[in-house]
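First the structure, then my questions, so here it is.
Please read all numbers here as calculations on a predicted model, not as lab measurements. All chains are named by letter (A, B, ...) in the order of the sequence lines, taking the proteins before the strands, and each is independently numbered beginning at 1.
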Number of protein chains: 2
Amino acid sequence: MARIISGTETSRTMRAEIAREVAALADEGIVPGLSVVLVGEDPASEVYVRSKTQACEEVGMRGRTLRFPAEVGQDELFGVIDGLNADPDVHGILVQLPIPVHLSYKDVLERIHPDKDVDGFHPLNVGRAFVGDPAGFVPATPAGIMELIRRENIPTHGKHVVIVGRSLIVSKPLASLLMAPGPNATVTLTHKYTTDLSSHTRTADILVVAVGKPGLITADMVKPGAVVFDVGVNRVEDAISTRGRIVGDVDFAGVSGVASAMTPVPGGVGPMTITMLLVNTLEAARRSRAPDLSRGAR
Amino acid sequence: MARIISGTETSRTMRAEIAREVAALADEGIVPGLSVVLVGEDPASEVYVRSKTQACEEVGMRGRTLRFPAEVGQDELFGVIDGLNADPDVHGILVQLPIPVHLSYKDVLERIHPDKDVDGFHPLNVGRAFVGDPAGFVPATPAGIMELIRRENIPTHGKHVVIVGRSLIVSKPLASLLMAPGPNATVTLTHKYTTDLSSHTRTADILVVAVGKPGLITADMVKPGAVVFDVGVNRVEDAISTRGRIVGDVDFAGVSGVASAMTPVPGGVGPMTITMLLVNTLEAARRSRAPDLSRGAR
């Protein structure tokens, strides 16, 4: 049976570490602050935003939510973001996605000062992460997978990593991180147009699945001994609960008989995402002490 | 025998197209201008810079070289770049690499205004290219390979592309472009730490080699019918010329018997690089007319 890689446990450990560092910063009079901009009333977004701000409070950071009606104008939103950019008590800013279609996602993202873009979605931070510049912020989900790889001592040097899915906030940045000097992995990125997907997945020493299709990856598609990261979060019908239950993209029962280690869903990659958001916010607060480290866009 | 993909011919065609568009812009009183900053006296750099500025003149653009001694101070260089950023007659700026070690390559790059960064090396443009934002500039070499793929009608949809080498200015951006919506290729990026390189290269429908090792790729490493792009430029000893001769990373004689099409060295990817620099400079000049399209970093 595959060893379970628990993001829940690692997150607990890491949040305790973060809380200690936040306490140390408090002695300098700095309280890391995250401001979350929430537009409209998407119920899922409400849940995500609450868990993010709650996580902040739990580690001693300041977590604030700024709510706006779906009809908010882009100029008003820009004004709010400009204010947060200028506020020394705000170290991290994120705009909860999705945002209403009348707003330009791209323009809103680029309005956030790169030094406060703790989601790592501003193109300047995307570019910095791409070239391995530590001045950038790495998006939380790929950063969380890298953290699990480090803490679980999973070898990547010269290993073949196959990523299923090509999302801009998970798969592509993760591919970039894993192939870089240090991890030195060989990386294959596959997606819905890939011919004969299993011919690729079966060669993977490390398999990362981030698609959103329950049961996409079955035991026969996994190399014996492979390490599997399941990023999928899907709600499926359930005999017991009318609310259904959450599963990943990997057939856990089957694959756990083939893989050497794997993340469960829930309790795997998911909990790490908010934890890495806290890490980025803490880092942004630290950098706010040292202007020479803070690199604004020109 | 493999069909030869001639970058020389495609470049000739494209530069004629560019010259026509430059002429059209001239009617509006706009002459695309490229300024090349050259620090020190690296002979290879001298050659590259000359061919870039000459190529500009040949298509009716303004190509200018600003020379500085190797000891130039970073502040002086910044002043020069700031001046070029502000000069409306300068649409493209590039700093010829390598630059002396006492200068911060990163800081110099980030000093160039992203809208004039026709090399596409500014992290903001790297990020835009990564997310597929057309406002960014794509580095010339990967852009040139994409152009050859388009003009030679080489199918990429669902095909497996294997890239050998992981450079930030060729391999990684090319991987990002090929896996994106549109090209829809499955992409594997390999490098010097890849275990059993040929097990990957042999599965490639399209093989791109950008390492700098003469003869690295031999016929037995190539799948019959594959399309091979050789980005390597290596000077090797030669019985005839004392200056040696230029070869790529691919054993041309051997691989041309296996591949269905391939680029020669010289005359393949090389000539396309300067051509795509002209394309970026032309585009920068066009955008200078429409402020709403010009997106500066914040």
Side-chain angles (χ1 to χ4, degrees), chain A residues 81-82 85 106-107 109-114 120-133 135-136 156-163 166 168-169 171-173 175-176 178-181 183-197 199-200 203 205 295-298, chain B residues 81-82 85 106-107 109-114 120-133 135-136 156-163 166 168-169 171-173 175-176 178-181 183-197 199-200 203 205 295-298:
Chain A
I81 293 172
D82 293 345
N85 285 338
K106 180 178 172 315
D107 293 346
L109 273 188
E110 293 198 16
R111 193 76 178 196
I112 298 170
H113 193 291
F121 294 167
H122 188 295
L124 188 72
N125 284 323
V126 171
R128 284 170 170 165
F130 186 82
V131 300
D133 178 354
T156 56
H157 185 96
K159 300 295 184 182
H160 187 202
V161 179
V162 175
I163 300 174
R166 57 176 170 177
L168 294 177
I169 61 175
S171 301
K172 282 186 74 174
S176 178
L178 283 164
M179 68 178 61
N184 292 329
T186 300
V187 179
T188 297
L189 199 142
T190 67
H191 45 73
K192 62 178 178 240
Y193 299 117
T194 294
T195 309
D196 190 3
L197 177 60
S199 71
H200 294 283
T203 68
D205 301 305
R295 313 181 152 284
R298 289 192 187 83
Chain B
I81 292 172
D82 293 346
N85 285 339
K106 181 178 172 315
D107 293 347
L109 273 188
E110 293 198 15
R111 193 77 178 195
I112 298 171
H113 192 292
F121 293 166
H122 187 295
L124 187 71
N125 285 324
V126 171
R128 286 169 168 166
F130 186 84
V131 301
D133 177 354
T156 56
H157 184 96
K159 300 296 185 182
H160 187 203
V161 178
V162 174
I163 300 173
R166 58 175 170 179
L168 293 177
I169 60 174
S171 301
K172 282 186 73 174
S176 177
L178 282 164
M179 68 177 61
N184 292 328
T186 300
V187 178
T188 297
L189 200 143
T190 67
H191 45 74
K192 61 176 177 246
Y193 298 116
T194 293
T195 309
D196 191 4
L197 177 61
S199 71
H200 294 282
T203 68
D205 300 306
R295 313 181 154 285
R298 289 193 185 80

Legend entry - Beyond-backbone contact of A:T188 with B:T186, side-chain heavy atoms, under 4.5 angstrom: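 Sidechains of B:T186 and A:T188: in contact.
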
Inset, instruction - For the pair B:H122 and A:L124, evaluate side chain to side chain contact (heavy atoms under 4.5 Å, CB included) and give the outcome as yes or no after the intermediate values. - result: CA-CA 9 Å; B:H122 187 295; A:L124 188 72; 3.6 Å; yes

Inset, instruction - Identify which of A:N184, A:L168, A:V126 forms the greatest number of heavy-atom pairs closer than 4.5 Å to chain B. - result: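 When all of A:N184, A:L168, A:V126 are compared, A:N184 has the most.
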
Inset, instruction - Side chain from CB out, backbone as N, CA, C, O: work out which of these in B:A175 comes under 4.5 Å of a heavy atom of chain A, or both, or neither. - result: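 Neither part; nothing is under 4.5 Å.
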
Legend entry - A:D133 CG to B:E110 CD distance, which is reported to the nearest 0.5 Å: 6.5 Å

Inset, instruction - Describe, in one word, how the ring planes of B:H157 and A:Y193 are oriented to each other, choosing from parallel (under 30°), tilted (30 to 60°) and perpendicular (over 60°). - result: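 Answer is tilted, since the angle falls between 30° and 60°.
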
Legend entry - Closest contact, heavy atoms only, A:A185 versus B:H191: O-NE2, 2.8 Å

Inset, instruction - With sequence neighbours excluded, tell me which residues meet side-chain hydrogen bond (donor to acceptor under 3.5 Å, both in side chains) with B:S176. - result: A:K172

Inset, instruction - Specify the closest pair of heavy atoms between B:R166 and A:P181, including all atoms of both residues, with the distance to one decimal. - result: NH1-N, 3.3 Å

Legend entry - Gap between atom NE2 of A:H160 and atom OG1 of B:T195 - 0.5 Å precision: 10.5 Å

